[in-house]
Undergrad: 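Got a structure for you, written out below as structure tokens; questions coming shortly.
Chain naming here is simple, since letters A, B, ... match the order of the sequence lines and numbering starts at 1 in each. None of these values were measured; they are calculated from a predicted model.
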2 protein chains.
Amino acid sequence: MEVNIAAETFAALAQPSRLTVLKELVQAGPAGLRAGVIAERLSVPAPTMSFHLKELSRAGLVQSHREGRSVIYAADYGGLRELIDFLLADCCQGDRRLCGPYVIKESA
Amino acid sequence: MEVNIAAETFAALAQPSRLTVLKELVQAGPAGLRAGVIAERLSVPAPTMSFHLKELSRAGLVQSHREGRSVIYAADYGGLRELIDFLLADCCQGDRRLCGPYVIKESA
DNA sequence: TCCATAATTCCATGATTATCAAAATATGGA
DNA sequence: TCCATATTTTGATAATCATGGAATTATGGA
């Protein structure tokens, strides 16, 4: 992952509401959550939450699709994986102090 | 790691120069690099780099100490580890799609 | 003490981000 | 078509962040 892209992705996580949303969406699993439910859960006005969801979407951390009158948001596991890979591979270049407890399995 | 703290830490990584510095410091290892060398390597004016190094320091991602006329910056492996732990543990709640290839070893 | 080097702080400027009311858009039913 | 619901876009405002020249602080040597 290129540095500028990684920085943009980190920017998407640099806001408490967005970080909380991502956590909830990972917990919710592939079924995701409706936009309205997300805004209500975090007690954030709909337009504000819409702005944050758009940011997460731009960063490739969540995906969305319409279902009737609702829009369903779900975590984008691929995007999350790429970011974790960046931190582990690019930032921790085999240094045991940093990577020690983690092992990358041969076969995913 | 609490969400607000995590968001602040991600904010420190949400800037290309800072992300690049962190990479170089991890590569440089515990010996670290002099502030002047860092600024020169990235072709960034000293005051600007000083600002970025302060941000990384506030976030607990780098440490510094004076050595004669120079100030040496080095990666803070503990801070980096905490952030990776947050992503793996807090965000990936045992979901195999996300955590599959990574294993947390019993004994660190 | 005086000077050169190394780094930071100060400060002004421009750019980006976060917030949310009001308006607009999209969908499904009556 | 008309209405209610669900969400997004618009637009204005305030707050935060990034940049770098000039001034300041810290250190070591002459």
Undergrad: What distance separates Leu13(A) CG from Lys23(A) NZ, expressed to the nearest 0.5 Å?
TA: 12.5 Å
Undergrad: I want to check something: taking the side chain as every heavy atom from C-beta on, are Leu53(B) and Val71(B) in contact at a cut-off of under 4.5 Å?
TA: no
Undergrad: Hey, could you give me the OG/CG distance between Ser70(A) and Leu33(A), rounded to the nearest 0.5 Å?
TA: 11.5 Å
Undergrad: Can you tabulate the close N/O pairs, meaning under 3.5 Å, that link protein atoms to atoms of nucleotides 15-19 of chain C?
TA:
unit_1  : atom_1 : unit_2   : atom_2 : d
dA18(C) : OP1    : Arg18(A) : NH2    : 3.1
dA18(C) : OP2    : Arg18(A) : NH1    : 3.3
dT19(C) : OP2    : His52(A) : NE2    : 2.5

Undergrad: From NZ of Lys54(B) over to P of dT8(C), roughly how many Å is that when rounded to an integer?
TA: 10 Å
Undergrad: State, yes or no, whether a side-chain contact exists between Ile5(B) and Phe86(B) at a heavy-atom distance under 4.5 Å.
TA: no
Undergrad: Please report the distance, rounded to the nearest Å, between CZ in Arg69(A) and P in dT27(C).
TA: 11 Å
Undergrad: Hey, what do you get for CG (Leu61(A)) to CD (Glu82(A)), rounding to the nearest 0.5 Å?
TA: 9.5 Å
Undergrad: Name all residues meeting the side-chain hydrogen bond (donor to acceptor under 3.5 Å, both in side chains) criterion together with Glu55(B); count only those two or more places apart in sequence or in a different chain, and write none if there are none.
TA: Arg58(B)
Undergrad: Map Arg34(A) and Val44(B) onto DNA chain D by nearest heavy atom, then report which one ends up closer to the 5' terminus.
TA: Arg34(A)
Undergrad: If only side-chain N and O atoms count, and only distance matters, is there a donor-acceptor pair under 3.5 Å linking Glu67(A) with His65(A)?
TA: yes
Undergrad: Could you measure the distance from the CG atom of Leu56(A) to the OG atom of Ser17(A)? Nearest 0.5 Å is fine.
TA: 10.0 Å
Undergrad: Can you tell me if Tyr73(B) touches the phosphate of dA6(C), counting only side-chain N or O atoms and a distance under 4.0 Å to OP1 or OP2?
TA: no
Undergrad: As a test of understanding, state which of Val44(B), Val62(B), Ile38(B) forms a side-chain contact (heavy atoms from CB on, under 4.5 Å) with Val21(B).
TA: Ile38(B)
Undergrad: Which residues pass the side-chain hydrogen bond (donor to acceptor under 3.5 Å, both in side chains) test with Gln15(A), sequence neighbours left out?
TA: none
Undergrad: Check every strand shown and say whether Ser50(A) touches a base, only sugar-phosphate, or nothing at a heavy-atom separation below 4.0 Å.
TA: base
Undergrad: Sequence neighbours left out, what pairs pass salt bridge (Lys or Arg N to Asp or Glu O under 4.0 Å) with at least one residue falling in residues 26-52 of chain B?
TA: Glu24(B)-Arg41(B)
Undergrad: Looking at every strand, decide which applies to Ala46(B) at a 4.0 Å heavy-atom threshold: base, sugar-phosphate, or nothing.
TA: base
Undergrad: Of all nucleotides in DNA chain D that come within under 4.0 Å of a heavy atom of chain A, which is furthest toward the 5' end and which toward the 3' end?
TA: dA4(D) to dT9(D)
Undergrad: Between the axis at one end of the helix from dT1(C)-dA30(D) to dA30(C)-dT1(D) and the axis at the other (five pairs apiece), what's the angle to 10 degrees?
TA: 10°
